[in-house]
There are 2 protein chains.
Amino acid sequence: MITKRMEDYLRVIYEILHYNGSVRIKDIASKLNVKPSSVVEMLEKLNDLGLIIYKKREFIKLTKKGEEIAKGLKIKNEFIVRFLKLLGVSHKTAIEDAHKMEHILSKETLDRIKDFILYVETCPKPIPEWLKNFRFFCKYKKRLRCKECY
Amino acid sequence: MITKRMEDYLRVIYEILHYNGSVRIKDIASKLNVKPSSVVEMLEKLNDLGLIIYKKREFIKLTKKGEEIAKGLKIKNEFIVRFLKLLGVSHKTAIEDAHKMEHILSKETLDRIKDFILYVETCPKPIPEWLKNFRFFCKYKKRLRCKECY
DNA sequence: AACGAATTTTAGGATAACCTATTTATTTTC
DNA sequence: GAAAATAAATAGGTTATCCTAAAATTCGTT
């Protein structure tokens, strides 16, 4: 069974790998705010589960399976961030909340989130009128007349 | 520090209390899919934190503080469920996902969710055109012309 | 009021995370 | 190339949550 925390580690390993070319234990530790010894412990588990290849004092690699999971999380995460930002959530908070949401949302909810993004982004206008009005509403708690529904 | 799991217990106690008038350990256990012995252990912790009043073989009561937390969770939960349903998520999934989301969402995201609900519900039409169109889009993956943006 | 069933409590363990302190290995610098 | 600095690994603990099995208590029925 892959736990939420294992997912966190996989995502972080994936990110560092793609940013740096290689992963060091202390980097994982600092990204996740844990001590290196905790990282080593988790690396052993992930290795035993066939999600990474970890041998003492050697470079860490993701296996096919591990990489797939990490990539899936990253994609999920990006959708959630985009969604929250459409909703008017700030960049910083969107990222924070997305990291928590990516572990727990059902496929169904995630599909609706994707649909929502696509719906907004396929609008002929750069930002749909209703979304502009919603943003205004968030800021001033006042509804603008909207052509469509009045 | 109140953990997510403590929050789960508080919410369940609150719900059973308002549904039944009194709470029994086995009911909490079955709602949370744990064994009664685990419940007892948690009740002791919640009691020590001043969130409930629990004495062996007596009725369980929520303290002021415990009740506030539980009520807060319930309200959060209800907002999230409403929001997910606006997005087209099914009732069952909305409830499941909301129970997970209620522990983790930031105030900011929750505020945007509340705004979204209010924005939709204060529309002069019972369902805004764009939302109707979005629902259609979810189902058929096809955009309807929308007056406002074309 | 007593017996059996249901419920609650206790005792003793398990697991997944985390930690600190220490040891071992590698890398850098003189 | 050896000492100092950095990084990684190990050993031994902690905490939150869960469990099973057994003991204690209460409840419901006769």
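A note on names: the letters A, B, ... follow the listed sequences, proteins ahead of strands, and every chain is numbered from 1.
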Close N or O pairs between protein and nucleotides 1-3 of chain C (under 3.5 Å):
none

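Summarising the geometry, the separation between CG on A:Leu32 and P on C:dC18 is reported as 8 Å, rounded to the nearest angstrom. In this structure, A:Met1 places its CE atom 14 Å from C1' of C:dA16, rounding to the nearest Å.
Within a heavy-atom distance below 4.0 Å of DNA chain D, the residues of residues 42-61 of chain B found are B:Met42, B:Lys45, B:Arg57. Residues from residues 4-26 of chain A placing a heavy atom under 4.0 Å of any atom in DNA chain D, listed by number, are A:Arg24, A:Ile25, A:Lys26.
Other residues, nucleotides and ligands contribute only 12 or fewer heavy atoms inside 6.0 Å of the NZ atom of A:Lys35. The 12-atom threshold is not exceeded at NZ of B:Lys61, counting heavy atoms of other residues, nucleotides or ligands nearer than 6.0 Å. More than 12 non-hydrogen atoms from other residues, nucleotides or ligands lie less than 6.0 angstrom from CZ of A:Phe136.
Side-chain contact between A:Lys141 and B:Leu118: absent, with no pair of heavy atoms (C-beta onward) separated by less than 4.5 Å.
Using a 4.0 Å heavy-atom criterion, one finds that B:Ser37 contacts the bases of the nucleic acid, with or without backbone contacts as well.
To the nearest 0.5 Å, atom OG1 of residue B:Thr109 and atom CE of residue B:Met101 are 8.5 Å apart.
A:Phe83 and A:Phe79 have their aromatic ring centers separated by at least 6.0 angstrom.
Within the structure, ring-ring contact (aromatic ring centres under 6.0 Å, His included) pairs that include any residue of residues 7-30 of chain A comprise A:Tyr14-A:His18 (at least two apart or interchain).
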Quick one: side chains of residues 43-57 of chain B, donor-acceptor pairs under 3.5 Å with protein atoms, not counting sequence neighbours, listed by atom name and distance.
from	atom 1	to	atom 2	distance (Å)
B:Asn47	OD1	B:Tyr54	N	2.9

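Side-chain atoms of A:Glu108 and B:Ser90 include a donor-acceptor pair closer than 3.5 Å.
On the nucleic acid side, DNA chain D has its first and last nucleotide under 4.0 Å of a heavy atom of chain A at D:dA7 to D:dT10, going 5' to 3'.
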